[in-house]
Amino acid sequence: MASSFSNQITLITIATILILSSPTSIAKTKTNPLPFKKIFAFGDSFTDTGNTGSVSGPSGFGHVSNPPYGITFFHRPTNRYSDGRLVIDFVAQSLSLPYLPPYRSVKGQSPNGVNFAVAGSTAINYEFFVKNNLSLDITPQSIQTQLVWFDKYLEESVGCKAEDGACRAEEFEDALFWVGEIGVNDYAYTVGSSVSSDTIRKLAISSYTGFITALLKKGAKYVVVQGLPMSGCLPLAMTLAPQDDRDDIGCVKSVNSQSYTHNIAILNQLRALRKQFPQAVITYADYWTAYRAVMQNPAQFGFSDRFRACCGSGEPYNFDVFATCGTPSASACPTPSKYVNWDGVHLTEAMYKVVSDMFLRGTLTQPPFSYLLDRKLRQG
């Protein structure tokens with residue numbers, strides 16, 4: 001499946017590099033009006049800017065509050081699953097907005113938006129995992145929980161009740177909705193169980209589509225939806241999978257195929273939603289292809305190690321599920337910017353920066369992010 005994309009990805013990679021080498025930025029001059037005044041973000045640990053510090057979750061996620069998390073940019077742990085900034089942080093920067101506060105830390109109104117993403121969360125509601133005896137050590141929050149939080153925030157901070165459509169429309173007028181990747185955990189929590197990946201995909205896509213539909217019905221006009229990354233390239237997957245389960249770039253073939261199939265289902269749903277809500281711009285951010293482009297040519301993006309985690313312990317991938325980053329037995333590499341992966345499950349700031357550039361200035365959003373910005377600026 002992946003090999004059929006080789007020529008296409010090579011062309012995409014070249015085009016992306018050419019675009020990223022251009023000095024043009026999103027805000028061309030400081031006199032241009034800002035396209036958005038706020039961002040509302042959702043997703044899992046790839047997008048979470050701190051909600052993890054306030055909710056219960058898997059014990060394996062508990063060390064994000066410890067050094068060396070945050071070492072590269074913030075120089076302290078911020079409950080982000082990285083050594084520094086995430087894609088959503090670079091999105092905020094590109095729009096000249098402050099970094100988004102996590103919902104659980106917001107008191108009152110947050111004028112530039114809120115981040116509702118929480119690490120370990122799922123697309124499928126928690127009750128499904130409870131019913132199937134799969135809830136021992138997982139985050140109980142889902143994408144639907146984040147929608148409940150969003151409604152609660154609007155009501156408590158700006159007085160917009162669920163039935164008050166006019167109020168919500170005004171609140172969303174200058175808002176970008178960034179739906180980070182979510183769904184990887186749904187598959188991970190059911191590994192080794194009798195629940196099939198097909199069942200997970202169908203239930204996850206149904207819940208995910210319902211979530212996006214709810215945002216659009218509330219009045220969201222500008223929405224970016226991230227697909228799943230190449231989850232089979234994470235050291236966690238590489239450690240657990242047998243050696244004969246590998247694709248053309250050395251990652252876990254079965255897991256990458258699973259993510260790819262999931263993304264196709266997302267794309268199909270987005271096509272239908274665009275027809276249902278023609279007044280909205282719904283952009284798909286192709287995380288899978290962005291990740292593959294880097295894994296095929298890491299040196300072109302400044303990386304020297306594409307498989308090993310920067311922070312962790314153990315061989316061959318510097319990852320041990322019982323001695324993860326942030327625990328006393330783990331240590332961090334001296335140059336995180338040379339690594340694609342940070343802790344075995346999440347990415348380095350350098351990788352998030354490359355991916356965000358591909359989304360914001362490159363060719364891996366459809367329709368292009370520049371189109372979304374131009375549409376917003378034209379409509380005011």
Side-chain angles (χ1 to χ4, degrees), residues 1-20 46 87 181 183-188 191 196-198 200-201 204 226-268 284-310 312 314-319 337-348 350-359 362-366:
M1 176 269 301
S3 60
S4 65
F5 287 88
S6 296
N7 293 334
Q8 177 185 355
I9 299 302
T10 300
L11 291 174
I12 289 175
T13 303
I14 293 171
T16 301
I17 293 170
L18 290 173
I19 291 172
L20 297 186
F46 275 44
V87 168
E181 69 99 11
V184 171
N185 295 318
D186 297 71
Y187 293 103
V191 169
S196 70
S197 60
D198 284 346
I200 291 300
R201 183 175 63 256
Q226 287 185 190
L228 301 188
M230 294 190 85
S231 310
C233 296
L234 301 176
L236 170 63
M238 301 281 289
T239 300
L240 297 177
Q243 286 295 321
D244 61 353
D245 185 6
R246 295 292 187 268
D247 59 19
D248 64 311
I249 53 175
C251 299
V252 181
K253 183 177 182 178
S254 62
V255 178
N256 276 345
S257 296
Q258 180 177 269
S259 298
Y260 179 82
T261 303
H262 189 98
N263 288 341
I264 293 298
I266 291 177
L267 279 169
N268 289 334
Y284 176 72
D286 190 351
Y287 217 133
W288 199 94
T289 301
Y291 207 125
R292 181 175 172 83
V294 173
M295 295 301 286
Q296 282 188 308
N297 299 287
Q300 291 186 355
F301 298 93
F303 299 111
S304 58
D305 201 312
R306 58 181 184 159
F307 288 122
R308 286 175 59 84
C310 168
E315 295 297 335
Y317 304 113
N318 197 36
F319 178 75
S337 63
K338 297 297 182 181
Y339 284 67
V340 168
N341 196 277
W342 166 244
D343 62 4
V345 182
H346 309 96
L347 311 179
T348 59
M351 180 61 168
Y352 284 129
K353 177 64 166 63
V354 168
V355 170
S356 65
D357 281 343
M358 289 183 179
F359 291 165
T363 61
L364 296 186
T365 46
Q366 293 297 327

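Rounding to the nearest 0.5 angstrom, the gap separating the CH2 atom in Trp288 from the CG atom in Asn256 is 6.0 Å. Taking CD1 of Ile200 as the reference point, atom OG of Ser197 lies at 8.5 Å (rounded to 0.5 Å). Within the model, atoms CZ of Phe307 and CD1 of Ile249 stand 6.5 Å from one another, a figure rounded to the nearest 0.5 Å. The distance from the OG1 atom of Thr348 to the NZ atom of Lys353 is 12.5 Å, given to the nearest 0.5 Å. If you take CD1 on Ile266 and OH on Tyr284, they are separated by 5.5 Å, rounding to the nearest 0.5 Å. Taken to the nearest 0.5 Å, the CG atom of Asp247 stands 7.5 Å off from the OG atom of Ser257.
In plain terms, the two heavy atoms of Glu181 and Pro229 that are nearest each other are OE1-CD, 3.6 Å. Closest heavy-atom contact between Ser254 and Asp245: OG-OD2, 2.5 Å. Minimum interatomic distance between Ala237 and Ser231 (heavy atoms only, all atoms of both residues): CB-O, 3.5 Å. Of all non-hydrogen atoms in Pro235 and Phe319, the two that sit nearest each other are CB-CB, 4.0 Å. Leu347 and Tyr291 get closest at one heavy-atom pair: CD2-OH, 3.6 Å. Taking every heavy atom of both residues into account, Gly232 and Cys251 meet most closely at O-CB, 3.4 Å.
In this structure a side-chain-to-backbone donor-acceptor pair under 3.5 Å is present from Asn263 to Leu228. Remark: side-chain polar atoms of Asp186 are not paired, donor with acceptor, to backbone N or O of Ala188 under 3.5 angstrom. A donor-acceptor pair is defined here as one N or O able to donate and one able to accept, closer than 3.5 Å; no such pair exists between the side chain of Ser259 and the backbone of Met230. Looking at Arg246, its side chain does come within 3.5 Å of a backbone N or O of Met238 through a donor-acceptor pair. Asn318 places a side-chain N or O within donor-acceptor distance of the main-chain N or O of Ala309, the cut-off being under 3.5 Å. At least one donor-acceptor pair under 3.5 Å links the side chain of Asn341 to the backbone N or O of Asp343.
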side-chain contact (heavy atoms from CB on, under 4.5 Å) between Val87 and Phe46, intermediate numbers included
CA-CA 8 Å; Val87 168; Phe46 275 44; over 6 Å; no
Report the C-alpha separation of Leu236 and Tyr317 in whole Å, then their side-chain angles, then the decisive distance to 0.1 Å, and conclude whether the side-chain contact (heavy atoms from CB on, under 4.5 Å) test is met.
CA-CA 9 Å; Leu236 170 63; Tyr317 304 113; over 6 Å; no
Give the C-alpha distance, both sets of side-chain angles, the deciding distance and a yes or no for side-chain contact (heavy atoms from CB on, under 4.5 Å) between Met351 and Tyr339.
CA-CA 8 Å; Met351 180 61 168; Tyr339 284 67; over 6 Å; no
Passes side-chain contact (heavy atoms from CB on, under 4.5 Å), Arg292 versus Tyr260? Steps please.
CA-CA 11 Å; Arg292 181 175 172 83; Tyr260 179 82; over 6 Å; no
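Every ring pair (Phe, Tyr, Trp, His ring centres under 6.0 Å) that Tyr187 has, sequence neighbours left out, goes to His262.
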